[in-house]
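Inspection log for the structure reproduced underneath, given as structure tokens.
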Protein chains: 2
Amino acid sequence: MDMTKKETKSFTPVECKTFIRPVRDVFDLIGGKWRLPIIIALSFKNHRFKELERQIEGITPRMLSKELKDLEINGLIHREVLNSRPVTVLYSLSDYGKSLDNVVVAMRDWGLIHRKRIINK
Amino acid sequence: MDMTKKETKSFTPVECKTFIRPVRDVFDLIGGKWRLPIIIALSFKNHRFKELERQIEGITPRMLSKELKDLEINGLIHREVLNSRPVTVLYSLSDYGKSLDNVVVAMRDWGLIHRKRIINK
DNA sequence: TATATCAGTATCCTAAAGTATACTGGTATA
DNA sequence: TATACCAGTATACTTTAGGATACTGATATA
């Protein structure tokens, strides 16, 4: 698919549905208010729980805890308990989580253009 | 940023927040259950209201109507009333909407990989 | 005349997402 | 001994997204 071309493409409704499905999957995985912020924060550096709480403005420990669990279950992040005193927990992106890079960067690039457009109105 | 590298990058918390903001903006614009499906359907071909309703499985006219309005307000799609009988309305992606191509394709590519991974488990 | 299609709208309701606030148990520091 | 930090959890609540269902008015067709 190349949405930059104007001419109408021949397509079947099934083909369209096939295109939608995987996009929906991604959305289910990284959707919600806090998951992308968490993923981005971890892409900058590994963070402890409290560090994430401070880095991601407005998040409550309840939501942070819940979303970290979900992301871990889906294999996007790792959780490591360090034996420091007091005990700290280090969160990091898994290789699989890192592979989301293209998606995140594409979103950011478009978002930056969008910001400029909004401001110039 | 390159999330494929392992070494820790120097960064400031502010830099991270600056990265998160535009991604959030995009999310607000194309988030929700139905917006991406609508955008994708329109990237395949221009659709009338009823065609979209049939193409996008499970959507109700209420949601379709609402999301089309929001997408039009944000300049991502165009709405054109045709003087046919009965009156039909044609929806199409604007150039701005088409510029989301990179984001959508990045999501789809990753989503396809993810599907394979899930199935092989 | 009855029925179907078009593009929606109106009203009500449910389920999910997210917020607020307080709390836990363990350890270290003043 | 009192206080603070760590990583969360518990409970209750509000808000929002989305679903169900029925309806509108205009036109065309059987």
Side-chain angles (χ1 to χ4, degrees), chain A residues 13 20-21 23-42 45-74 76-92, chain B residues 13 20 23-42 45-74 76-93:
Chain A
I20 290 171
R21 212 180 307 137
V23 175
R24 265 248 175 88
D25 292 345
V26 178
F27 190 80
D28 290 344
L29 222 65
I30 65 173
K33 189 171 177 182
W34 300 113
R35 291 194 194 160
L36 276 172
I38 291 170
I39 289 168
I40 291 169
L42 293 180
K45 92 181 228 316
N46 300 343
H47 280 79
R48 289 181 296 105
F49 188 89
K50 212 69 182 180
E51 287 176 336
L52 280 172
E53 201 181 334
R54 279 189 281 259
Q55 180 62 65
I56 300 168
E57 238 158 78
I59 198 167
T60 59
R62 183 186 181 280
M63 286 307 293
L64 181 55
S65 172
K66 181 190 168 293
E67 299 299 48
L68 286 170
K69 268 178 198 156
D70 291 348
L71 291 171
E72 199 198 354
I73 284 169
N74 287 305
L76 296 177
I77 68 172
H78 289 312
R79 177 181 185 274
E80 189 188 357
V81 179
L82 307 176
N83 55 350
S84 54
R85 254 131 268 271
V87 169
T88 54
V89 178
L90 191 62
Y91 290 94
S92 55
Chain B
I20 289 171
V23 175
R24 267 248 175 88
D25 292 345
V26 178
F27 190 81
D28 290 343
L29 223 63
I30 64 172
K33 190 172 176 182
W34 300 113
R35 291 193 194 161
L36 276 171
I38 291 170
I39 289 167
I40 291 169
L42 293 179
K45 91 181 227 320
N46 301 343
H47 281 79
R48 289 182 296 106
F49 187 89
K50 212 68 182 181
E51 287 176 337
L52 281 171
E53 200 180 335
R54 280 189 281 260
Q55 180 62 64
I56 300 166
E57 237 158 80
I59 198 167
T60 59
R62 180 188 182 280
M63 286 309 292
L64 182 54
S65 173
K66 181 188 168 295
E67 299 300 48
L68 286 171
K69 267 178 198 156
D70 290 350
L71 292 171
E72 199 198 352
I73 285 168
N74 287 307
L76 296 177
I77 67 173
H78 289 311
R79 179 180 183 274
E80 188 189 356
V81 179
L82 307 176
N83 54 352
S84 55
R85 251 132 267 270
V87 169
T88 54
V89 177
L90 191 63
Y91 290 94
S92 55
L93 275 190

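What you are looking at is a predicted structure, and each value in this text was computed from that prediction instead of being measured. First the proteins, then the strands, lettered A, B, ... as listed; each starts at 1.
- Side-chain atoms of B/P86 lie closest to C/dC6 of the nucleotides C/dC6, D/dG18, C/dG18.
- In this structure, B/F27 atom CZ and D/dT16 atom C1' are separated by 13 Å, rounded to whole Å.
- Among C/dT19, D/dG8, D/dG19, the nucleotide with an atom closest to any side-chain atom of A/R62 is C/dT19.
- Rounded to whole Å, atom P of D/dG18 lies 14 Å from atom CG of B/L68.
- For the pair B/H47 NE2 and C/dG8 C1', the interatomic distance rounds to 18 Å; values are reported in whole Å.
- Note: CD (B/E51) to C1' (C/dT5) measures 13 Å, nearest angstrom.
- Of the candidates A/E72, A/R48, A/R79, A/H47, A/Y91 forms a side-chain hydrogen bond (donor to acceptor under 3.5 Å, both in side chains) with just one, namely A/R79.
- Proximity of B/S65 to the phosphate of C/dT9: a side-chain N or O atom is located under 4.0 Å from OP1 or OP2.
- Checking the phosphate oxygens (OP1, OP2) of C/dC6, a side-chain nitrogen or oxygen of B/R54 falls inside 4.0 Å.
- Among the heavy atoms of the strands, none lies under 4.0 Å from A/R35.
- Residue A/P13 comes nearest to B/Q55 through the heavy atom pair O-NE2, 2.9 Å, listed as atom of the first residue, atom of the second, then distance.
- In this structure, the separation between NZ on A/K33 and CZ on B/F27 is 11.0 Å, given to the nearest 0.5 Å.
- Here the CG atom belonging to A/N74 is positioned 10.0 Å from the CG atom belonging to A/D28, to the nearest 0.5 angstrom.
- To the nearest angstrom, C1' of D/dG8 lies 14 Å from CD1 of A/I38.
- Residue B/Y91 places its side chain closer to C/dG8 than to any other of C/dG8, C/dG18, C/dC6.
- Looking at heavy-atom distances under 4.0 Å, A/T60 makes no contact with the nucleic acid at all.
- Across A/P37 and B/I20, no two heavy atoms sit closer than the pair O-CD1, 3.8 Å.
- The listed nucleotides are C/dA28, C/dA20, D/dG8; the one nearest the side chain of A/V89 is D/dG8.
- Nearest-nucleotide positions on DNA chain C place B/F49 closer to the 5' end than the other of A/I59 and B/F49.
- At the heavy-atom level, A/G32 lies under 4.0 Å from the strands shown only through sugar-phosphate atoms.
- Atom CD in A/E53 sits roughly 13 Å away from atom C1' in C/dT21 (whole-Å rounding).
- Ranking D/dC6, C/dT5, C/dA7 by closeness to the B/R48 side chain, first place goes to C/dA7.
- Close to D/dA17, at under 4.0 Å from its OP1 or OP2, lies no side-chain N or O of A/K33.
- Summary of the strand contacts: B/K50 and A/E67 both lie near DNA chain C, and taking for each the nucleotide with the nearest heavy atom, the more 5' one is attributed to B/K50.
- In this model, the phosphate group of D/dA7 is not approached by any side-chain N or O of A/R85 to a distance below 4.0 Å at OP1 or OP2.
- The cationic atom of B/R24 (NZ for Lys, CZ for Arg) lies less than 6.0 Å from the six-membered ring centre of A/W34 and within 45° of the ring axis.
- If you take NZ of B/K66 and C1' of D/dG18, they are 9 Å apart, rounded to a whole angstrom.
- Following rounding to the nearest Å, A/L64 (CG) and C/dA20 (C1') show an atom-to-atom distance of 16 Å.
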